[in-house]
Amino acid sequence: MTQDRIGGTAAWAPSHLPPRGVELSARQELACAVRHLDEAGFSENMTGHVSWQQPGSDTLLVNPWGYWWREVRGRDVLEVDLSGAVVT
């Protein structure tokens, strides 16, 4: 029995990509980063939250607790103030 080697884009390309020319929101970018970390082998049990403070902002975007990283979508990302209270 011979098993074919998978290489090229079949081995490394994400399964879902936004169409070309579509700008992602900051929340969508954070969701993509979290999913990429999951694909790279990071675990939410080891690394916890990913926080991102946009330049000039007094709030942080954070991935939600209780979601598997591979399942996070832009709409799941929370915005919190510097004391940790959820803004939106």
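From a predicted model like this one, the values you see are computed outputs, not experimental measurements. FYI, side chains are in, hydrogens and waters are out, and symmetry mates aren't considered; it's all heavy atoms of this structure.
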| said: If you compare all heavy atoms of R70 against all heavy atoms of D38, which two are closest, and at what distance to 0.1 Å? | reply: CB-OD2, 3.2 Å
| message | Restricting to non-hydrogen atoms, name the atom on Q53 and the atom on T59 that form the minimum distance, rounded to 0.1 Å. | response | CG-O, 3.6 Å
| Looking at side-chain heavy atoms only, is the closest gap between W52 and V77 below 4.5 Å? | no
| query | Taking everything shown except E71 itself, do over 12 heavy atoms lie less than 6.0 Å from its CD? | reply | yes
| Any idea which heavy atoms bring A31 and V72 closest together, and the distance? | CB-O, 3.8 Å
| field | Interatomic distance, L30 atom CG to L24 atom CG [nearest 0.5 angstrom] | value | 11.5 Å
| remark: Separation between CG (L78) and CZ (R27), nearest 0.5 Å, reads 7.5 Å
| message | Taking the side chain as everything from C-beta on, heavy atoms only, tell me whether E23 gets closer than 4.5 Å to E29. | response | no
| At their closest point, which heavy atom of D58 faces which heavy atom of L82, and how far apart are they? | O-CG, 3.4 Å
| request: Give the cluster check for V34 versus Y67: same hydrophobic cluster or not, with ILVMFWY residues linked at side-chain heavy-atom distances below 4.5 Å. | output: yes
| field | Separation between CG of L37 and SG of C32, rounded to the nearest 0.5 Å | value | 11.5 Å
| request: Answer yes if V62 and V50 sit in the same cluster of Ile, Leu, Val, Met, Phe, Trp and Tyr residues linked by side chain heavy atoms under 4.5 Å apart, and no otherwise. | output: no
| Just how far is it from atom NE2 of H36 to atom CH2 of W69, taken to the nearest 0.5 Å? | 11.5 Å
